[in-house]
There are 2 protein chains.
Amino acid sequence: MANYLTERSQKILEAIIEEYIATAQPVGSKVLTRTLGIKLSPASVRNVMAELEELGYLTSPHTSAGRIPTEKGYRFYVDSLLRVSDLDVRQKDQIQLKYRQQGLQMADMLREASRTLSTVCHYTGLVMVPRLKTTIFRHIEFVKLSPRQVLAVFVTQSGLVQNKLIEVDEDLHPRDLEKITNYLNQAMTGLSIQEVRARIITEMAEEKALFDRLLRRAFVLSSAALDDESMGDIIIEGTSHFLEQPEFADLPRMKRIVQTFEQKSILVDLLDRGLEAKGVQVIIGSETEYTELADCSLITAAYSGKRGTLGTLGVIGPYRMPYSTIIPIVDYTANLISRLLDTDND
Amino acid sequence: MANYLTERSQKILEAIIEEYIATAQPVGSKVLTRTLGIKLSPASVRNVMAELEELGYLTSPHTSAGRIPTEKGYRFYVDSLLRVSDLDVRQKDQIQLKYRQQGLQMADMLREASRTLSTVCHYTGLVMVPRLKTTIFRHIEFVKLSPRQVLAVFVTQSGLVQNKLIEVDEDLHPRDLEKITNYLNQAMTGLSIQEVRARIITEMAEEKALFDRLLRRAFVLSSAALDDESMGDIIIEGTSHFLEQPEFADLPRMKRIVQTFEQKSILVDLLDRGLEAKGVQVIIGSETEYTELADCSLITAAYSGKRGTLGTLGVIGPYRMPYSTIIPIVDYTANLISRLLDTDND
DNA sequence: CTTTAGCACTCGATTACGCTGAGTGCCAAA
DNA sequence: TTTGGCACTCAGCGTAATCGAGTGCTAAAG
């Protein structure tokens, strides 16, 4: 037996997967002959199916049922068989419309993206908020709230605003705070956070800083303001869509998945993986390397601002998913968000 | 037949409800005689049960099953039968421990509260973020991001920080922004947002403002910064606990509830109701007045800062809930949060 | 008047069983 | 190489039988 697939085998595999995606039922040889373009008898189709099963692309839940795709089947389908079409104009408009309202802050926009992905795809939408260290410094402001508390407000190039409450051990005069603010904004604008951190460390070691009280303070404060790793948060919308999927009908499995979502850390990891990748990425089942998500697929794409990748977004669902329609939606959304982030904040 | 309940009937009703809460199974007369303190034959218990059913406190799913409490039964139980004990020290410590870490911003604290409620109660935790208009003005700061964009950072007395991006139609000089900031902080600190709004409106009508360009700007900006009604957001944690409840085993019902959560607006309304109430409030089933939540109970309590109620928190679950343990937990959490908000921000 | 034992009855849950039909694998003919 | 034919398998479904927990009622006991 050949260990490659003839064109006909591929056609049949494709038809099986698409039928299964549509119906969630094991597909038999008979219905295939109807669905399939080629004129072929059920018996011939069965031969091919047996072959595909032996090669590991299909499996049958029991003897007298049809076949369902394996993970390997889906992988092959996504890699080789799938032709993703462009979104049609109507769908593009429908998505774009959601971002029409003015004055959205970045965080709101990302939340909207997650929600839109969820409703358009009928799966759960995921958006990873940009990690602090990959973003570009734009502005920082220190506000004195009480003798011992300073609020740091930090704005990234792409428009993300973050607050951090800093406990200080000395009573800083507002004038000093203002000077610190001015100095930092003038010195750091345009650098990435990583660069800012590096800069702080080297300058603090330098002679000048050793003797300038104010400068020292500036560094201490900004370092406190920026050390927050809590970013890399993720926005999940539309968990309820999971409850529509027949494959998750049993509660314990369902619960495990929802818990995984609530915990977020696993999803953060998975979305992280899409950061360097170009274009849309598909992670199927066990490729996630988490048993909790063994029955799920993720479709992700990175979005970026002016200066490189900011984060990733996508959807998660059962691995029986209409990839051909979901992939362009995720792709389009990532591009749209990238564009909006670029123009929105000059 | 009496339309009040004898002490014995009450005892039996209580026993039934507690048994049902524990087991989720209809309870029969036989098990009751074991559970019940009083020496009584199953037959006698049955008589009482029939009576309780006629009065509407119990119902039976079918002839040959035991009885389960009705909504009215729960209501009576919560109102008259329930003795809430204080939390024991260990539990209090367990809860308090979660807030030990320093420098938590209010938003983080509320999220932690929701999460803790969820894990401790094994139900879904809810926390309503303070509504803007009920909070006290503490500080406002305008940061110029670009010629046409100003970022307003607004801090409430209780330590909640909120950002709003404002599009302006003229290029404001940073000096002017600073003057505006100073003026507003000096004039408005300590007022409630409602008062601030009123003040803005009256002052804008006044003669002085008409001619002072800067003052006008100040009012326009602050009014833009504060008109955000988006607050009154709510933090939901632990939705997955719903999936543990046997009463929500069927997916469609489950899905309706999860969707209701995602939509939030209904929960906002329900939590709002607890704002004026003192102490813990229990809303059972149809008392919510939402069919989506007809099988759910909410247990809520208000938390407050220095100057009055800020918001509410609580848990939501099936109405078969161990009220006697949940109520003190919610109560304690509300008090704890109130205390923390008071001390944390001097 | 209240409580209790006894008993017939109800009805959901469980098990058993047979049938059906979709689907398969294999073989022999085209 | 394809196809029709055929025996075989097995989940799903409906029906029937059984089981047993729990009830309501009645009549006797307290």
Side-chain angles (χ1 to χ4, degrees), chain A residues 1-2 4-13 15-17 19-20 22-70 246-247 249-250, chain B residues 1-2 4-13 15-17 19-20 22-70 246-247 249-250:
Chain A
M1 180 193 305
Y4 59 88
L5 295 181
T6 65
E7 190 166 338
R8 197 181 64 179
S9 301
Q10 295 191 12
K11 267 238 154 52
I12 289 178
L13 179 56
I16 291 173
I17 291 180
E19 180 71 15
Y20 183 67
T23 64
Q25 301 293 330
V27 333
S29 52
K30 208 161 181 183
V31 286
L32 265 193
T33 55
R34 264 184 281 121
T35 320
L36 212 53
I38 325 164
K39 223 25 195 166
L40 220 53
S41 75
S44 308
V45 173
R46 279 205 290 280
N47 288 332
V48 178
M49 284 165 97
E51 190 185 333
L52 287 169
E53 177 162 9
E54 193 141 346
L55 290 171
Y57 296 106
L58 296 178
T59 180
S60 45
H62 58 266
T63 337
S64 76
R67 303 300 211 294
I68 62 177
T70 61
E247 41 261 86
D250 69 313
Chain B
M1 180 194 304
Y4 59 90
L5 294 181
T6 66
E7 192 165 338
R8 198 182 63 179
S9 301
Q10 295 190 13
K11 266 235 154 53
I12 290 177
L13 179 56
I16 292 172
I17 291 180
E19 180 71 15
Y20 182 69
T23 64
Q25 301 293 330
V27 336
S29 52
K30 207 159 183 185
V31 286
L32 265 194
T33 55
R34 265 184 280 121
T35 320
L36 211 52
I38 325 163
K39 215 50 194 143
L40 219 52
S41 77
S44 309
V45 173
R46 278 205 290 279
N47 289 332
V48 178
M49 283 167 97
E51 189 185 334
L52 287 169
E53 178 161 6
E54 193 141 347
L55 289 171
Y57 295 105
L58 296 178
T59 179
S60 45
H62 57 265
T63 335
S64 75
R67 302 301 209 295
I68 61 177
T70 60
E247 41 262 84
D250 69 312

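So you know, we letter chains A, B, ... as the sequences are listed, proteins then strands, and number each from 1.
- Residues passing the side-chain hydrogen bond (donor to acceptor under 3.5 Å, both in side chains) test with B:Thr33, sequence neighbours excluded: none.
- Contact detail for B:Ala24 and B:Pro246: the closest heavy-atom pair is CB-CG, 4.0 Å.
- Listed by chain and number, the residues in a side-chain contact (heavy atoms from CB on, under 4.5 Å) with A:Thr35 are A:Glu19 (sequence neighbours excluded).
- Checked against B:Val27 for a side-chain contact (heavy atoms from CB on, under 4.5 Å), the options B:Ile68, B:Leu32, B:Ile17 give a single hit: B:Leu32.
- Evaluation of the side-chain contact (heavy atoms from CB on, under 4.5 Å) rule for B:Ala249 yields no partner, not counting sequence neighbours.
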Assign a letter to each nucleotide of nucleotides 21-30 of chain D from its 5' end: B, base within under 4.0 Å of a protein heavy atom; S, sugar-phosphate only; -, no contact.
-> BSBB------
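- When the side-chain contact (heavy atoms from CB on, under 4.5 Å) test is applied to B:Ala22, no partner is found at least two apart in sequence or on another chain.
- For DNA chain C, the span of nucleotides reached by chain B at under 4.0 Å from its heavy atoms goes, 5' to 3', from C:dT3 to C:dG12.
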Dot-bracket for DNA chain D, please, read 5' to 3', with Watson-Crick or G-U wobble pairs under 3.5 Å on both distances, ( ) within the strand, [ ] crossing, | other strand, . unpaired.
-> ||||||||||||||||||||||||||||||
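- A distance of 4.5 Å separates CG in B:Leu58 from CD1 in B:Ile16, rounded to the nearest 0.5 Å.
- Residues passing the side-chain hydrogen bond (donor to acceptor under 3.5 Å, both in side chains) test with A:Ser9, sequence neighbours excluded: A:Thr6.
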Listing, residues 39-48 of chain A side-chain donor-acceptor contacts under 3.5 Å, not counting sequence neighbours, or none:
| residue | atom | partner | partner atom | Å |
| --- | --- | --- | --- | --- |
| A:Ser41 | OG | A:Ala43 | N | 3.4 |
| A:Ser41 | OG | A:Ser44 | N | 3.3 |
| A:Ser41 | OG | A:Ser44 | OG | 3.1 |
| A:Arg46 | NH1 | A:Ser29 | OG | 3.2 |

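- Two residues, B:Lys39 and B:Pro61, neighbour DNA chain C, and the one matched to the more 5' nucleotide by heavy-atom proximity is B:Lys39.
- Listed by chain and residue number, A:Thr23 satisfy the side-chain contact (heavy atoms from CB on, under 4.5 Å) test with A:Gln25 (two or more places apart in sequence, or in another chain).
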